[in-house]
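Okay, structure first, notes after.
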Amino acid sequence: MPSILVTGAGRGFGREVVRVYRERGWMVFPLVRQSADVEALTEVDGCYPICADVTEEKVEASIANVLAARTDALDLLINNAGNIKKTRWLAETTIADMEALFRVHCVGAFRCVRAALPFLRKATNPLVVNISSRFGSISRMAQGEFRGIYAYSIAKSAQNMLSVCLDHELRREGIRVVSLHPGRLQTSVAAVDADTDPYVAALKLADWLQSMDRDKACGLHDLLGDKTIAW
Ligand SMILES: NC(=O)c1ccc[n+]([C@@H]2O[C@H](COP(=O)([O-])OP(=O)(O)OC[C@H]3O[C@@H](n4cnc5c(N)ncnc54)[C@H](OP(=O)(O)O)[C@@H]3O)[C@@H](O)[C@H]2O)c1
């Protein structure tokens with residue numbers, strides 16, 4: 001049975017990704033922070049929750065322990081955990097926000113990849129998907145499409161660089177890494193122009209990953225626009 005680990009799976013997009021893959025018969029490892037989410041997910045057949053915070057060092061042991069108890073190989077890791085500070089411009093942005101968002105979106109994803117790596121190495125076509133954002137695109141920011149959301153944009157941009165570094169290092173072992181903007185989703189962090197049900201986006205994600213060209217260079221993929229967008 002193929003297996004997937006999704007971080008930030010207690011609500012929003014992550015929860016819907018877990019739902020879709022469970023519906024498709026995969027073994028699912030949702031990483032969540034709240035004990036209520038662990039309890040609810042434990043009752044789902046084929047679902048093995050990991051209770052952890054991706055910004056804490058012990059997340060690596062938590063991932064390794066839960067995976068080792070259930071599987072040798074992990075086919076798909078989705079680094080989705082994240083939050084946003086909608087503060088704007090220099091005046092509103094705090095150092096604490098900058099550091100917190102970098103820790104979750106970039107360092108947290110790094111930790112999860114490191115913990116999952118021994119299991120990814122044993123899968124046939126392993127893949128890591130880092131859930132990025134249009135706000136992390138330097139070229140779109142430079143064109144003035146978005147403005148002033150420093151902490152989140154910088155953290156997602158750093159995560160994009162993480163994707164490229166990881167892909168360069170791991171593709172020679174057959175592990176591919178991609179960045180993906182999931183669309184404007186109607187979740188708790190929704191932007192004012194959010195227009196997409198996260199379950200619909202999760203279905204699209206699963207379909208796209210099934211048919212993606214594994215030989216393409218690591219890029220930033222716009223899921224709903226179905227195209228690669230500029231970094
Ligand atoms: N919504 C959009 O339009 C949109 C657009 C582009 C990109 N994204 C990205 O998509 C991803 C999912 O966002 P969403 O819209 O589904 O947001 P959401 O509904 O707020 O869900 C975020 C999830 O991440 C978890 N999380 C946050 N910090 C964490 C940490 N330190 N350790 C572990 N889990 C953590 C949260 O856990 P708790 O429930 O415990 O708080 C929650 O389950 C994020 O990376 C976001 O930046 C979203």
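Counting starts at 1 for both ligands and their atoms, following the listed order.
Ligand 1 has no N or O atom lying under 3.5 Å from any N or O atom of Asp37, backbone or side chain. Every N/O-N/O distance between Gly14 and ligand 1 stays at or above 3.5 Å. Of the N or O atoms in Ala9, none lie within a sub-3.5 Å distance of an N or O in ligand 1. Looking at ligand 1, you'll find an N or O of Lys156 within less than 3.5 Å of one of its N or O atoms. On a distance-only criterion, Arg184 and ligand 1 share no N/O pair closer than 3.5 Å.
Residues satisfying the side-chain contact (heavy atoms from CB on, under 4.5 Å) test with Asp226, not counting sequence neighbours, are Lys204, Trp208, His221.
The six-membered or imidazole ring of Phe135 lies away from that of His181, with a centre-to-centre distance of 6.0 Å or more.
The shortest separation from a heavy atom of Ile131 to ligand 1 is under 4.0 Å, placing the residue in contact. Within the structure, ligand 1 has Pro182 among the residues with a heavy atom less than 4.0 angstrom away.
Contact annotation: for Phe135 versus ligand 1, there are no heavy atoms closer than 4.0 Å.
Of all protein heavy atoms, the one closest to atom 36 (C) of ligand 1 is Arg11 NH2, 3.8 Å.
When each atom of ligand 1 is checked for a heavy atom of Asn80 under 4.0 Å away, the hits are 10 (O), 11 (C), 12 (C), 44 (C), 45 (O).
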